[in-house]
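Written below as structure tokens is the structure these notes are about.
Not measured: the values here are computed from a predicted model. Labels below follow one simple rule: chain letters A, B, ... track the order of the sequence lines, proteins then strands, and each chain is numbered from 1.
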2 protein chains.
Amino acid sequence: MARAQFDRNEVIEKSIELFWQKGFNASSMEQVVKRTGLKPGSIYYSFGNKEALFRESLESYARKRAAHLHKILDAAPTVGEGLCTILEEVVEESAKENYCSCFLVKTRLELAAEGNELYKYASAKLDEVEALLESYLKKEYSKKVSQRRATSLMMHIFGVRVYGYREGCVERMRQGLREGLPWLPWK
Amino acid sequence: MARAQFDRNEVIEKSIELFWQKGFNASSMEQVVKRTGLKPGSIYYSFGNKEALFRESLESYARKRAAHLHKILDAAPTVGEGLCTILEEVVEESAKENYCSCFLVKTRLELAAEGNELYKYASAKLDEVEALLESYLKKEYSKKVSQRRATSLMMHIFGVRVYGYREGCVERMRQGLREGLPWLPWK
DNA sequence: CACCCATTTGAATAATCACTCAAAAAACTA
DNA sequence: TAGTTTTTTGAGTGATTATTCAAATGGGTG
């Protein structure tokens with residue numbers, strides 16, 4: 001076998017599922033073995049160790065999320081409408097079964113102690129999301145207003161990511177978002 | 001020894017410190033042994049098991065937080081001013097070394113999978129905080145407005161709890177809060 | 001076809017985990 | 001002070017953890 005037999009993307013996909021749902025510490029490599037079907041040796045040969053596999057999963061997740069945000073904001077007629085779409089999506093995501101917030105947010109909260117590298121990575125990626133929002137806002141607002149509103153948006157997104165665990169909270173969150181972000185073109 | 005030799009409150013206090021900082025899964029009972037100075041047998045004899053000790057720690061934390069919120073809101077000249085004080089405190093807390101968000105929020109995010117009892121408890125306590133805020137708001141606003149603003153406040157608090165890990169973010173968050181909560185009497 | 005080497009295998013390893021228990025010790029009671 | 005009950009002690013348990021490795025496997029290449 002000169003080339004690996006498994007599909008690397010599929011393995012990362014399954015790992016994201018597990019790590020996102022359970023977090024770093026509650027996920028065991030045995031569970032990774034079970035979900036991916038690979039043997040322990042293969043996983044370690046291909047990915048190094050648990051932290052490296054987790055990191056690759058986080059990277060993949062962050063890449064896809066950033067691409068998605070870009071796509072929506074580029075497709076929207078105005079920045080404001082794009083932001084409304086994003087927020088509405090985040091709200092609706094919380095209504096799904098097995099909702100588990102945002103992989104980056106969860107990692108930031110779980111691994112903050114001791115300056116963990118995975119924490120640093122998740123934090124850097126979240127900062128990048130804010131920078132992305134700010135850059136789009138600058139198309140319509142001054143630098144000062146854009147920065148303030150980007151931070152406000154981030155806090156609302158984080159808010160929904162935590163609030164969303166509550167059952168039957170979708171309408172409440174919609175109201176709350178309209179209250180806190182009245183400058184957006186809500187429908 | 002008919003009565004325990006250690007101070008139960010002190011042990012819970014040390015446990016809160018550990019569990020709050022590291023979370024449930026990254027905290028080992030050996031670390032509890034080290035921090036409290038008790039022997040394993042004593043801990044299990046007095047508290048049952050890890051989950052029960054964690055729960056007692058969570059309960060103690062939640063009780064103290066709720067009392068603190070009540071105290072501030074009762075002492076403030078107006079509800080709005082009390083809310084500003086609370087938010088400013090949460091922001092300033094994030095600037096401390098070893099900042100670790102909110103024990104309840106961290107527990108909610110870490111243990112949501114599989115309907116864990118500790119997750120349910122943390123969630124219920126967070127819901128109670130919102131109910132508390134809403135009851136104070138009703139003194140000055142209609143039921144509808146109070147509910148909407150209580151949710152908005154909760155989302156902002158959650159937002160700060162997650163955003164606060166970012167370094168040098170205090171001024172940013174202050175700006176963001178004023179942007180999202182313009183109806184509060186900010187100074 | 002034969003060789004090579006990347007990859008797979010799965011049992012094994014050592015560390016750590018939550019938790020237990022029988023015996024010792026230390027209060028309270030009479 | 002003698003006896004009873006509660007609490008402490010700390011070595012020990014079995015399960016689970018992340019990780020390793022020598023041997024087997026099989027695709028690519030000449």
Side-chain angles (χ1 to χ4, degrees), chain A residues 1-58 107 110-111 113-119 121, chain B residues 1-59 106-107 110-111 113-119 121:
Chain A
M1 307 178 168
R3 294 301 107 128
Q5 289 173 324
F6 59 86
D7 181 336
R8 201 178 173 90
N9 284 338
E10 267 179 34
V11 171
I12 292 294
E13 216 53 46
K14 301 256 187 200
S15 300
I16 289 175
E17 237 177 78
L18 174 68
F19 286 137
W20 183 3
Q21 206 176 98
K22 303 210 178 193
F24 183 83
N25 288 297
S27 303
S28 72
M29 289 303 273
E30 209 196 329
Q31 288 173 302
V32 174
V33 166
K34 240 177 221 164
R35 293 217 189 188
T36 62
L38 295 186
K39 307 290 173 185
S42 278
I43 296 174
Y44 281 87
Y45 178 81
S46 302
F47 298 96
N49 57 23
K50 187 182 178 182
E51 187 172 330
L53 178 59
F54 190 95
R55 194 194 170 91
E56 240 179 271
S57 305
L58 253 191
T107 302
E110 184 188 0
L111 303 178
E114 307 150 33
N116 187 299
E117 280 300 316
L118 296 169
Y119 155 76
Y121 181 82
Chain B
M1 306 183 167
R3 295 301 107 132
Q5 288 174 325
F6 59 86
D7 181 336
R8 201 177 174 91
N9 284 337
E10 267 179 35
V11 171
I12 292 295
E13 216 55 44
K14 301 257 187 198
S15 300
I16 289 174
E17 238 176 77
L18 175 67
F19 286 137
W20 184 2
Q21 206 176 98
K22 303 211 178 191
F24 183 84
N25 288 298
S27 303
S28 72
M29 289 304 273
E30 209 197 326
Q31 288 172 302
V32 174
V33 166
K34 242 178 219 160
R35 293 217 188 188
T36 62
L38 294 185
K39 306 290 171 186
S42 278
I43 296 173
Y44 282 89
Y45 178 80
S46 302
F47 299 96
N49 56 25
K50 186 182 179 184
E51 186 172 330
L53 178 59
F54 190 96
R55 195 194 169 94
E56 240 179 270
S57 305
L58 253 190
E59 280 170 2
K106 287 186 74 173
T107 302
E110 184 188 0
L111 303 178
E114 307 150 33
N116 188 299
E117 279 301 317
L118 296 169
Y119 154 76
Y121 181 81

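Here CG of B:Leu58 is found 11.0 Å from CH2 of B:Trp20. Values are rounded to the nearest 0.5 Å. Here A:Glu110 contributes atom CD and A:Leu118 contributes atom CG; the two are 9.5 Å apart, rounded to the nearest 0.5 Å. Atom CZ of A:Phe47 and atom OG1 of A:Thr36 lie 8.0 Å apart (nearest 0.5 Å). For the atom pair A:Lys34 NZ and A:Lys14 NZ, the distance stands at 14.5 Å (nearest 0.5 Å).
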Expected rows: protein N/O vs nucleotides 9-13 of chain C N/O, under 3.5 Å:
residue: C:dG10; atom: OP2; partner: A:Lys39; partner atom: NZ; Å: 3.0
residue: C:dG10; atom: O6; partner: A:Gly41; partner atom: N; Å: 3.3

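For B:Glu30, the side-chain atoms get nearest to C:dC17 when compared with the rest of C:dC17, C:dT8, D:dT8.
Between B:Val32 and B:Leu38 there is no side-chain heavy-atom pair separated by less than 4.5 Å.
Distance B:Met29 CE to C:dT20 C1': 12 Å, rounded to the nearest Å. Between the P atom of C:dC19 and the CZ atom of B:Phe54 lies a distance of 14 Å, rounded to the nearest Å. When rounded to the nearest whole Å, the span between CG of B:Asn49 and P of C:dC19 equals 5 Å. Regarding B:Lys50, its NZ atom lies at a distance of 4 Å from the P atom of C:dA18, rounded to whole Å.
Side-chain atoms of B:Lys106 never come within 3.5 Å of backbone atoms of B:Phe24 as a donor-acceptor pair (strictly under, hydrogens ignored). At least one donor-acceptor pair closer than 3.5 Å links the side chain of A:Lys50 to the backbone N or O of A:Ser27. Judged by distance alone, with hydrogens and angles left aside, the side-chain atoms of B:Glu56 form no donor-acceptor pair with the main-chain N or O of B:Leu53 at under 3.5 Å.
Nucleotides of DNA chain D nearest to A:Gln31 and A:Gly48 differ in position, and the one nearer the 5' end is that of A:Gln31.
For the OP1/OP2 pair of C:dT20 and a distance below 4.0 Å, the side-chain nitrogens and oxygens of B:Tyr44 include no atom meeting the criterion.
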Legend entry - salt bridge (Lys or Arg N to Asp or Glu O under 4.0 Å) between B:Glu59 and B:Arg55, worked out: CA-CA 6 Å; B:Glu59 280 170 2; B:Arg55 195 194 169 94; 3.1 Å; yes
Inset, instruction - Report the C-alpha distance between A:Met29 and A:Tyr44 in whole Å, list the side-chain angles of each, state the deciding distance to 0.1 Å, and finish with yes or no for side chain to side chain contact (heavy atoms under 4.5 Å, CB included). - result: CA-CA 10 Å; A:Met29 289 303 273; A:Tyr44 281 87; 3.4 Å; yes
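Across all strands, A:Phe47 comes closer than 4.0 Å to no nucleic acid atom at all (heavy-atom distances).
Listed in residue order, the members of residues 10-25 of chain A having a heavy atom less than 4.0 Å from DNA chain D come to none.
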Legend entry - Secondary-structure notation, DNA chain C, from Watson-Crick and G-U pairs under 3.5 angstrom (| other strand): ||.||||||||||||||||||||||||.||
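Shown here is B:Glu30, whose CD atom has no more than 12 heavy atoms of other residues, nucleotides or ligands within 6.0 Å.
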